[in-house]
Asker: 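Have a look at the structure that comes next, please.
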Amino acid sequence: MAQSLELLLIQFLMPDNDARRQAEEQIRRLARDPQVVPALVHHLRTAKTPNVRQLAAVLLRKKITSHWPKLPPHAKASLKQALIDSITLDNSHLVRRASANVVSIIAKYAVPAGEWQELLPFLFQCSQSPQEEHREVALILFSSLTETIGTTFQSHLNDLQPILLKCLQDETSSRVRIAALKAVGSFIEYVNEGGDIVKMFRDFVPSILNVSRQCLANGDDDVASIAFEIFDELIESPAPLLGDSVRSIVQFSLEVCSNQDMEINIRQQAIQIISWLVKFKASFLKKNKLIVPILQVMCPLLTETANEDEDSDLAADRSAAEVIDTMAINLPRHVFGPVLEFASVNFRHVNPKYREAAVTSLGVVSEGCSEHFKDKLEECLKVVLEALKDQEQMVRGAASFALGQFAEHLQPEILSHYESVLPCILNALEDPSDEVKSAIGSVAAAAEQAFIPYAEKVLEMMKGFMVLTKDEDLCARARATEVVGIVAMAVGRTRMEAILPPFIEAAISGFGLDYSELREYTHGFFSNVAEILDDSFSQYLPHVVPLAFSSCNLDDGSAVDIDDADGVDNGFSGVSSDDDDDDEPRVRNISVRTGVLDEKAAATQAIGFFALHTKSAYAPYLEESLKILIKHSGYFHEDVRLQAIISLKHILTALRAIPAHPDILEKQKDVLDTIMNIYIKTMTEDDDKEVVAQACMSVADIMKDCGFAAVELYMPRLAEATLALLHQESCCQQVESDGEDDGDIDHDEVLMDAVSDLLPAFAKVMRSYFDPIFAKLFDPLMKFAKSPHPPQDKTMVVATLAEVAQEMGAPISAYVDKIMPLALKELASSEATNRRNAAFCVGELCKNSGAAALKYYPDILQGLHRLFANSEQDLAVRDNAAGAIARMIMVQPQSIPLNQVLPVFIKALPLKEDHEESMAVYSCLCNLLLSSHPQILTLVPDVIHVFAQVVVSPDESDEVKTTIGKAVSHLISVYGQQMQPILSALPPAHANALAAFASRR
C-alpha cells in the first residue's frame, strides 16, 4: 500500500484537475483501511518533498479518529514517535504544524487512557528549547491540546506560567510571541475558579500589553490583534480574570482607537474592547473612574469620517456612537453630564464635523439617559433645532437624527415642545438627507394626532420617493417607505385606509429591486399597515407573506474564517469522510452582513404582526410561520431572536382565533407546548436581557389570555426560572463577575421590570393557590428593596407586592409585617412614582389582609394625609392615595375616623389621572350613601358635585357612571325633597347627565 499511496499523493498534488480527482477518489477508498495509517507514517518519515510529507500528516489528522482504536500497540508507538520526530526534526514549518495537529487529535484519546504519558514532559522540554522552531511548535500544541485535553492542563498551569511569560517576551522570534499569545488565550476557558490560577492570568496582562505596544510600534498589527482577542476572552470569562488590570487595558485600548495613523481594523478591535467592558464590566469602570476618560476619547471619535475605500461598518465614528449608546444604557447618570458638556462646547464649533458630533452625541444618549434629559430638554432642543438650520448638510442630518431619537425616547416631555419642533422638521422636508426622513417618522409616531395637519404634505412627498428605481436612490426609497408607515400609524385608519393602496403597491414592487435595506423597511411598513387595517389587511396576505418568508429564509451571508493550521489549500477536504465528526476546525471569527440580519429581524416581526391582526385569516400560513419562528428563536443574533419571541405569542393568538373543533384544539395544545418550552428555555439560557424580558412578558400575556388550566403543567419550571432570575443567576445575568461590588447599583429596567411582572401574572391565574410559589419568590424579590438598590428597584418591589396582594387575596396577610414597613417608608419617598405605588400597595394590603393590617392603620393614615396636602404636586399620587383610603373604608370602616378622613378624601375628587382607581373610590362613596352612613350624609352636596363631574367625563367608564347613578337614584328616592336644591345647583349639562344615569334600571 505504501508505494501505491505515495504515487497517489504525488498525483494529488499535480496541477491537472482530472488527475487530482482520480487520485482523490482512490485515496478516499484506501483511507477506509486501517493499514493506511502505517503507510502514511512511512511517507511522513521518508517522503523527499515537503508537500507529500505535509499531505501525509493532513490525511492522518483526518483519519486517525476512526482508526486509532483499531491500531495495535506497536503501530500506535510507531505513529507517536514519527510525529515527535516530525515536530522536532522536519525542516519544513508547514510539516511540523500539520504533525502537531495530528498530535492534538491523538492526545484526546491517548492521554486520558494513559497511552501517552511522555507527551506533556516532551512539550515542556520543547517549549524551553533554544531552537525557535521547537518553542513555537510546543506552544502551538499547548493551544491545540486545550481543545482536546484542556482539563488535563489545569494541574500544570502553575508550571506553564513562567514558560508562557518568557515566550511572550521572546524578542528573538515574533512567531514564538504570537504562539505564546495564542496559548495564553486558549487556556482562559479552563479557568473557572479563584485563587492562584486567576492571579496567574492577571499577571499575564502587563506582558501582553508590553508585547502589543512593541509590535504596534514596529507595524506588526497581527500580534496586537491577538492581544485584543485575549482581552475579549478575559472580559467574557465567568472567572474574575481582569482584576485591577482593567485600567491598563482601557488605557491601551484608548491609545489605539484614538490613533488615526493605525489601521482601522486594529482600532475597531480596540473600540470593541471598550464596548465589551461597558457591557459586561460597568461596575469596574465606575469603580476605577474610567467613564469620563472613555467619553473623552469616544466623543471626539464621532468627528472622524471614513475613507471611501473603508468599510462603513468599521468606521470609527459609527463604532464610537455604539459605545456611547451602550454606556448611556448601562451607566446613564454617569454619562449624561460629560456628553452634554461635549455637545454644549462644540455645537457652534468652526469645524462642521464637531457641530455634527455635538448633536449626534445628544441623539445617541437620548434612550439610555432619558430620565436625565427631563430637566435639560429645553437646553438640548435649542442645540438641535439650531443645528437643523446649519448651512452644512451633515449637521442638519445629525440634527434630524437627534430629533427623531428625542421624539422616540423623551416622551411625554417632548410633547410640550411640538409647537417649536414640528415647523422646524417640516421646513427641512426638502433636505436630501435620509436622516431628515427618519426624523419625520419618529416625530410623527410621537406626536400622533398633533401630526395630522402635516400628514398630507409629507405623504405626497414620500409617494415620489417610493417609485424611485436607480441604485443611488434606493436608500431614500427605503426611508420614505418607513416614513409612510409611521405617518399612517400616527394619522389612523379612518384617514388612511382609502389612500393606502398605491403606497402598498409601490412597497410590494420594491422587492423586485434586490436591495436588502429596502426590503427591511418595507417589512416594517407592512407591519404598520397590518396594525392600521387590522382584519382588513387579510386581502394583502397572499402578496406579503411570501415576501416575509423569503427574507426569513435568506442565507445569512456568514463569512467564517477557518483557522486551518495545516496551511494547505489544495482541496484536501475532499478526502474526509463521515467519521470525521470530532475533527472540527477552529472558527476564528464570524462576520455577518448586517443588512441581511436586519432584514430577517424585520421580516420575523412582520410575520407576528400579520398573525396578530388578521387572526383566523392567517391560518394557511401558520405552519410555515411556526417553523421559521422556532428556528429564529435560537438564532445567533439577539435582534432576530427578540422578534421571534414576540411573534410566537402572536401566532398563538391567531391559532386561538380559529373556530374550535377537535383538530384545532389539539393543534392549539401542541403549539402552546412548543411556545412555552421555548420561552422557559429562553428565560434560563438566553444571554440577552431584552430577549429574556420579552419571553417573560409573553408568558405573562399567555397566562392572562389562556388561563391557569392551559399553563398549569409549566408552573413548576416557570417558578424555577423566575426564581433564578430574581436570584440574578440566569445566563443573561452572568456578566459582572470581576472584583468587588462598588455599592453603586443601577435599576435593570429592561429585565427586572419584566421579571417582577410575572409574579402578579401567576397570582392572577392561581389566586390563593399561588401562595406556596410566592413563599419561595418573596425573599429574593425583597432583596431588591434593600440598600444599595436604587429607588426604581424599591418601587418595582412595592408595585409587584401590591398587585400580588390584589390577585392572591387573603394569603398576603402572612407577609404584611414584612411588606408594610417598606410601603410606609416609600410613602415619604422623594420620587412620585414611589409614593404612587406605595399608596396603591398599602390600600391593597389593607383590603386583602384583614385584621393583620389593623395595627398599621394610624401610620398609614398619617402617611396618606401628606399626599393630600397642597405640597403634593403629582396628580396620580393623590389619586392612588384616594384609592387607598377607599379600600380601607370598605374593609374596616369602624377603624377609620370618618369624620376627619371623609372631608379630605372628597376634596381630592374627582380623580384626575389614574382612572384605574375609579371603581374603588366611587364604589366606596356609593356604598356609604346606600347604607345612609351618618358621616357621609352631611357631605352629600360635595359628593353630588363630584359625581356630576364624573358622569360627564370621557375618561370614566359606563360601569363607574352606572354605579354612581344607582347611588344618586337611592338618594332621590329616600331624600327627594332635600336633594332637589342640591341637584338644581349643578350646571344643566351635569344635572342632565346625572339624571340620565340615575334613571337607569
Side-chain angles (χ1 to χ4, degrees), residues 839 843 847 861 864-865 867-894 896-1001:
K847 175 185 174 184
L861 290 171
L864 291 174
H865 186 264
L867 305 186
F868 290 106
N870 291 332
S871 58
E872 179 55 70
Q873 298 296 310
D874 192 283
L875 298 177
V877 172
R878 286 191 174 202
D879 289 350
N880 277 266
I885 291 292
R887 292 175 176 88
M888 294 171 74
I889 292 173
M890 284 192 286
V891 295
Q892 299 286 350
Q894 73 282 358
I896 306 290
L898 291 177
N899 61 325
Q900 300 174 42
V901 170
L902 283 176
V904 177
F905 175 52
I906 295 169
K907 185 180 178 181
L909 303 178
L911 300 178
K912 309 298 191 300
E913 188 169 313
D914 191 346
H915 297 284
E916 290 185 11
E917 295 295 287
S918 293
M919 186 53 73
V921 167
Y922 300 125
S923 292
C924 170
L925 289 175
C926 291
N927 289 341
L928 290 173
L929 291 170
L930 291 169
S931 64
S932 297
H933 196 288
Q935 295 295 340
I936 196 71
L937 292 179
T938 59
L939 299 170
V940 165
D942 296 327
V943 174
I944 293 297
H945 180 68
V946 169
F947 282 176
Q949 295 177 71
V950 174
V951 295
V952 297
S953 170
D955 297 320
E956 297 293 359
S957 68
D958 264 6
E959 183 183 11
V960 167
K961 295 175 183 179
T962 301
T963 301
I964 286 174
K966 290 178 181 177
V968 174
S969 176
H970 169 78
L971 287 174
I972 293 172
S973 66
V974 177
Y975 307 102
Q977 198 168 14
Q978 295 163 272
M979 288 295 296
Q980 193 59 43
I982 298 173
L983 296 171
S984 298
L986 296 174
H990 290 193
N992 291 337
L994 202 57
F997 278 99
S999 64
R1000 288 190 181 183
R1001 292 289 183 266

Asker: Which heavy-atom pair separates Pro981 from Gln977 by the least distance, and what is that distance?
Answerer: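 Smallest interatomic distance, heavy atoms only, reads CD-O, 3.4 Å.
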Asker: What are the two closest heavy atoms between Pro897 and Leu861, and how far apart are they?
Answerer: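 Looks like CD-CD1, 3.8 Å.
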Asker: Please set out all donor-acceptor pairs under 3.5 angstrom arising from side-chain atoms of residues 902-912, sequence neighbours excluded.
Answerer:
residue: Lys912; atom: NZ; partner: Ala908; partner atom: O; Å: 3.4
residue: Lys912; atom: NZ; partner: Pro910; partner atom: O; Å: 2.8

Asker: Roughly how far, to the nearest 0.5 Å, is the NZ atom of Lys847 from the CE atom of Met890?
Answerer: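 These two atoms lie 6.0 Å from each other.
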Asker: How long is the span from the CD1 atom in Ile885 to the CG atom in Asn880, to the nearest 0.5 Å?
Answerer: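 Ile885 CD1 to Asn880 CG: 12.0 Å, rounded to 0.5 Å.
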Asker: Side chains of Val877 and Asp914: does their closest heavy-atom pair fall under 4.5 Å?
Answerer: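 The answer is no; the side chains never approach within 4.5 Å.
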Asker: Do Gln935 and Leu928 have side-chain heavy atoms sitting under 4.5 Å apart?
Answerer: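 The answer is no, as the side chains (C-beta and beyond) never meet within the 4.5 Å cut-off.
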Asker: State, yes or no, whether a side-chain contact exists between Ser932 and His970 at a heavy-atom distance under 4.5 Å.
Answerer: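 A side-chain contact exists here, since the closest heavy-atom pair is under 4.5 Å.
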Asker: Is there a side-chain contact between Met888 and Leu864 in this structure, where contact means two heavy atoms from C-beta onward sitting under 4.5 Å apart?
Answerer: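 In short, these two side chains touch, coming nearer than 4.5 Å.
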Asker: Quick one: list whatever passes salt bridge (Lys or Arg N to Asp or Glu O under 4.0 Å) with Glu872, sequence neighbours left out.
Answerer: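 Glu872: salt bridge (Lys or Arg N to Asp or Glu O under 4.0 Å) contacts with Arg835.
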Asker: Considering residues at least two apart in sequence or located in another chain, which fulfil the side chain to side chain donor-acceptor pair (under 3.5 Å) criterion with Glu916?
Answerer: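 Partners of Glu916 under the side chain to side chain donor-acceptor pair (under 3.5 Å) test: none.
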Asker: Which residues pass the side chain to side chain donor-acceptor pair (under 3.5 Å) test with Asn927, sequence neighbours left out?
Answerer: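 Partners of Asn927 under the side chain to side chain donor-acceptor pair (under 3.5 Å) test: none.
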Asker: Tell me the closest heavy-atom pair linking Ala839 and Ala884, and the distance in Å.
Answerer: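 Taking Ala839 first and Ala884 second, the nearest heavy atoms are O-CB, 3.2 Å.
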Asker: If you look at every heavy atom in Asp879 and Glu913, which pair is closest and at what distance?
Answerer: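 Taking Asp879 first and Glu913 second, the nearest heavy atoms are OD2-N, 2.6 Å.
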Asker: Donor-acceptor pairs under 3.5 angstrom involving side-chain atoms of residues 947-956: please list them, not counting sequence neighbours.
Answerer:
residue: Gln949; atom: NE2; partner: His945; partner atom: O; Å: 3.3
residue: Gln949; atom: NE2; partner: His945; partner atom: NE2; Å: 3.2
residue: Ser953; atom: OG; partner: Asp955; partner atom: N; Å: 3.1
residue: Glu956; atom: OE1; partner: Ser918; partner atom: OG; Å: 2.7
residue: Glu956; atom: OE2; partner: His915; partner atom: ND1; Å: 2.8
residue: Glu956; atom: OE2; partner: Ser918; partner atom: OG; Å: 3.0

Asker: Mark yes or no for whether Ser969, through its side chain, and Gly965, through its backbone, hold a donor-acceptor pair below 3.5 Å.
Answerer: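 Pair absent, no side-chain N/O of Ser969 close to backbone of Gly965.
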Asker: Using a 3.5 Å distance criterion without hydrogens, assess whether the side chain of Ser923 forms a donor-acceptor pair with backbone atoms of Ala920.
Answerer: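 Here the side-chain-to-backbone pair does not exist.
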Asker: Check whether the side chains of Gln980 and Gln978 place a donor and an acceptor atom closer than 3.5 Å, and report yes or no.
Answerer: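 No, because no side-chain N or O of Gln980 sits under 3.5 Å from a partner of the opposite role on Gln978.
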Asker: Between Arg878 and Ala869, is there a donor-acceptor pair closer than 3.5 Å when you use the side chain of the first and the backbone of the second?
Answerer: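 Yes; judged by distance alone, with no hydrogens or angles, the pair exists.
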Asker: Going by salt bridge (Lys or Arg N to Asp or Glu O under 4.0 Å), name the residues that satisfy it together with Arg887, two or more places apart in sequence or in a different chain.
Answerer: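 Result, salt bridge (Lys or Arg N to Asp or Glu O under 4.0 Å) vs Arg887: Glu844, Glu917.
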Asker: Hey, what do you get for CG (Leu930) to CG (Leu925), rounding to the nearest 0.5 Å?
Answerer: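 It is 11.0 Å, given to the nearest 0.5 Å.
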Asker: For the residue pair Ile964 and Leu994, establish whether any side-chain heavy-atom pair is separated by less than 4.5 Å.
Answerer: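 Of all side-chain heavy-atom pairs linking Leu994 with Ile964, at least one is under 4.5 Å.
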Asker: Could you state the interatomic distance from CG (Leu929) to CG (Leu971), rounded to the nearest 0.5 Å?
Answerer: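 Rounded to the nearest 0.5 Å, the CG-CG separation comes out at 5.0 Å.
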Asker: Closest heavy-atom contact between Val940 and Met979?
Answerer: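 Heavy atoms of Val940 and Met979 come nearest at CG1-SD, 3.9 Å.
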Asker: Between CD1 of Ile972 and CD1 of Ile982, what distance do you get to the nearest 0.5 Å?
Answerer: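 Rounded to the nearest 0.5 Å, the CD1-CD1 separation comes to 10.0 Å.
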